[in-house]
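Comments concern the structure below.
In what follows, residues are counted from 1 in the order of the sequence shown.
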Amino acid sequence: MADKNKSMKIAHITFLTLLSLWLVSCEKSKNQAAIAEQSKQARVTKSERPERDELAATPAELREMMKRAVAIQSLQEREQALQEIVWNAIEIDPDLAQEAFLQMTPGSEEKNQLIQHFAMTLAGENHEAAMQWAAGLKNDQEEALALNSIALVLSENDPVKAAQILLDSGVAGRDLDVAVVQVIQRWADISPTDAAAWVQLFDSGEARQAGLKAIISTWIRADPRGTMSWISSLQRPEIYQDATLGMAETIFDLPKSEQEEMLQIAAPEVRAHFEKLKSSAAAR
């Protein structure tokens, strides 16, 4: 029991420490505009939250809001009320912000939004501290969600570290797949060959296909012939298959005025995939 209490105390201190970091980081939010724009779906800011009739201004008012919130029967309404308390209490009653956060239901949209926002903002200040906070979250899904968001921030300057975080997150699912593709796209901007080498380590499946397409769609804008040459150099048949399909899909997504130019320098397998995509679209 003593060990459990000690662990809870450490987690609590970590949460409050990171709240302090978050407050400092708010002053620097303009410098992170690019990250915020690309991750708009995954984040919530105070200006984006639903307006309420009146915001609580004192700890006593917030405590009263908390009592009412936990008694709400509707899960969605309760989560929204608790999320609002977390936002309002961060600056004037961090202890209550912690209590409200812990009262929220794992997996709820509102809690996930908070986790993603805290993780991304804190990672911009101190990614090691943000990862420590992520490790203290209640379940594997929440930790993975936070780690995915941290990786997205790190991918701006350190895609190798970001990729390693995703490999270690350990929870497969749509959130991980989305994070992987976003990290790959940013890595491909810096070094497409290194990003491609990482993706080739993936098991066969949608994640590898999506990753290769993300690299190709980024790389082809800067160096079409270099991209085609890389595809032609692939030795493993299954990787070559995924890459040629990714290239065909990328070309298919281009304006028609650009498609013919790309097809002229594409491998026969790419053109074959493209014709299948074209026929399938016409048959719909």
Is I92 linked to I85 within one hydrophobic cluster, defined over Ile, Leu, Val, Met, Phe, Trp and Tyr using a side-chain heavy-atom separation of less than 4.5 Å? yes
Take atom CG in D223; do more than 12 heavy atoms of anything else shown fall under 6.0 Å from it? yes
Can you list everything that forms a salt bridge (Lys or Arg N to Asp or Glu O under 4.0 Å) with E110? Sequence neighbours excluded, please. none
Has S232 got a side-chain atom pairing as donor or acceptor with M228's backbone, closer than 3.5 angstrom? yes
Any Lys/Arg nitrogen of E156 or R186 sitting under 4.0 Å from an Asp/Glu carboxylate oxygen of the other? yes
Step-by-step side chain to side chain contact (heavy atoms under 4.5 Å, CB included) determination, R78 to L75: CA-CA 5 Å; R78 181 168 67 250; L75 176 61; 3.3 Å; yes
Whether over 12 other heavy atoms sit under 6.0 Å from E261 CD: no
Validation: residues 241-251 side-chain donor-acceptor distances under 3.5 Å, sequence neighbours left out:
| unit_1 | atom_1 | unit_2 | atom_2 | d |
| --- | --- | --- | --- | --- |
| D242 | OD2 | R208 | NE | 2.8 |
| D242 | OD2 | R208 | NH2 | 3.0 |
| T244 | OG1 | Y240 | O | 2.9 |
| T244 | OG1 | Q241 | O | 3.0 |
| T244 | OG1 | H273 | NE2 | 3.4 |
| T250 | OG1 | G246 | O | 2.8 |

Between CG of L145 and CD1 of I150, what distance do you get to the nearest 0.5 Å? 10.0 Å
Non-hydrogen atoms of A188 and A195 that approach each other most closely: N-CB, 4.0 Å
Once rounded to the nearest 0.5 Å, what's the spacing between atom CG of L147 and atom CD1 of I115? 11.0 Å
Is there a path from L96 to W87 through hydrophobic residues (I, L, V, M, F, W, Y) whose side chains come within less than 4.5 Å of each other? yes
When rounded to the nearest 0.5 angstrom, what distance separates CD in Q182 from CG in L152? 5.0 Å
On the 0 to 90° scale, with breaks at 30° and 60°, tag the W198-W187 ring pair as parallel, tilted or perpendicular. tilted
Can you check side chain to side chain donor-acceptor pair (under 3.5 Å) on E238 and S204, steps first, answer last? CA-CA 8 Å; E238 67 275 18; S204 177; over 6 Å; no
Between L82 and M104, which heavy-atom pair has the shortest distance, and what is it? CB-CG, 3.7 Å
Taking atom CD as the centre, does Q76 end up with more than 12 heavy-atom neighbours from other residues, nucleotides or ligands that are less than 6.0 angstrom away? no
Minimum heavy-atom distance between A210 and V181, given as atom pair plus value: CB-CG2, 3.9 Å
Measuring from atom CG of D168 to atom CE of M131, what distance do you get when rounded to the nearest 0.5 angstrom? 7.5 Å
E206 atom CD, neighbour heavy-atom count above 12 within 6.0 Å: no
Using 30° and 60° as the class boundaries, would you call the ring planes of F101 and W133 parallel, tilted or perpendicular? tilted
Donor-acceptor contact present, side-chain N88 to main-chain E84, <3.5 Å: yes
Is it true that V160 and L166 fall in one hydrophobic cluster, defined by side-chain heavy atoms closer than 4.5 Å? yes
Closest non-hydrogen atoms of S108 and E79, given as atom of the first, atom of the second and distance, are OG-OE1, 2.7 Å
Can you get from V270 to I265 by hopping between Ile, Leu, Val, Met, Phe, Trp and Tyr side chains that sit under 4.5 Å apart? yes
Identify the two heavy atoms, one from A162 and one from A151, that lie closest to each other, and give their separation to 0.1 Å. CB-O, 3.2 Å
Which value, rounded to the nearest 0.5 Å, describes the distance between L122 atom CG and E125 atom CD? 8.0 Å
A146 and A134 have their tightest heavy-atom pair at CB-CB, 3.7 Å
Under the 3.5 angstrom rule, does the side chain of E61 hit a backbone N or O of T58 as a donor-acceptor pair? yes
Between Q83 and L114, is any pair of side-chain heavy atoms under 4.5 Å apart? yes
Scan the side chains in residues 212-220 for donor-acceptor partners under 3.5 Å anywhere in the protein, sequence neighbours excluded, and list what turns up.
| unit_1 | atom_1 | unit_2 | atom_2 | d |
| --- | --- | --- | --- | --- |
| K213 | NZ | D253 | OD2 | 3.2 |
| S217 | OG | K213 | O | 3.0 |
| S217 | OG | A214 | O | 3.1 |
| T218 | OG1 | A214 | O | 3.0 |

Has S233 got a side-chain atom pairing as donor or acceptor with W230's backbone, closer than 3.5 angstrom? yes
Is a side-chain N or O of S229 found less than 3.5 angstrom from the main chain of G226, in a donor-acceptor match? no
Take a 6.0 Å sphere around CZ of R225 and say whether it holds more than 12 heavy atoms from other residues, nucleotides or ligands. no
From OG1 (T227) to CE (M262), nearest 0.5 Å: 8.0 Å
Using side chain to side chain contact (heavy atoms under 4.5 Å, CB included), reason through M65 and L62 one step at a time and then give a plain yes or no. CA-CA 5 Å; M65 286 177 63; L62 286 170; 4.1 Å; yes
Any chance you could lay out the side chain to side chain contact (heavy atoms under 4.5 Å, CB included) test for E269 and I231, step after step, and finish with the verdict? CA-CA 11 Å; E269 292 85 354; I231 291 176; over 6 Å; no
Starting from V180, can I reach V178 by hopping between I/L/V/M/F/W/Y residues whose side chains sit under 4.5 Å apart? no
Report yes if the side chains of E142 and P106 come closer than 4.5 Å at any heavy-atom pair, otherwise no. yes
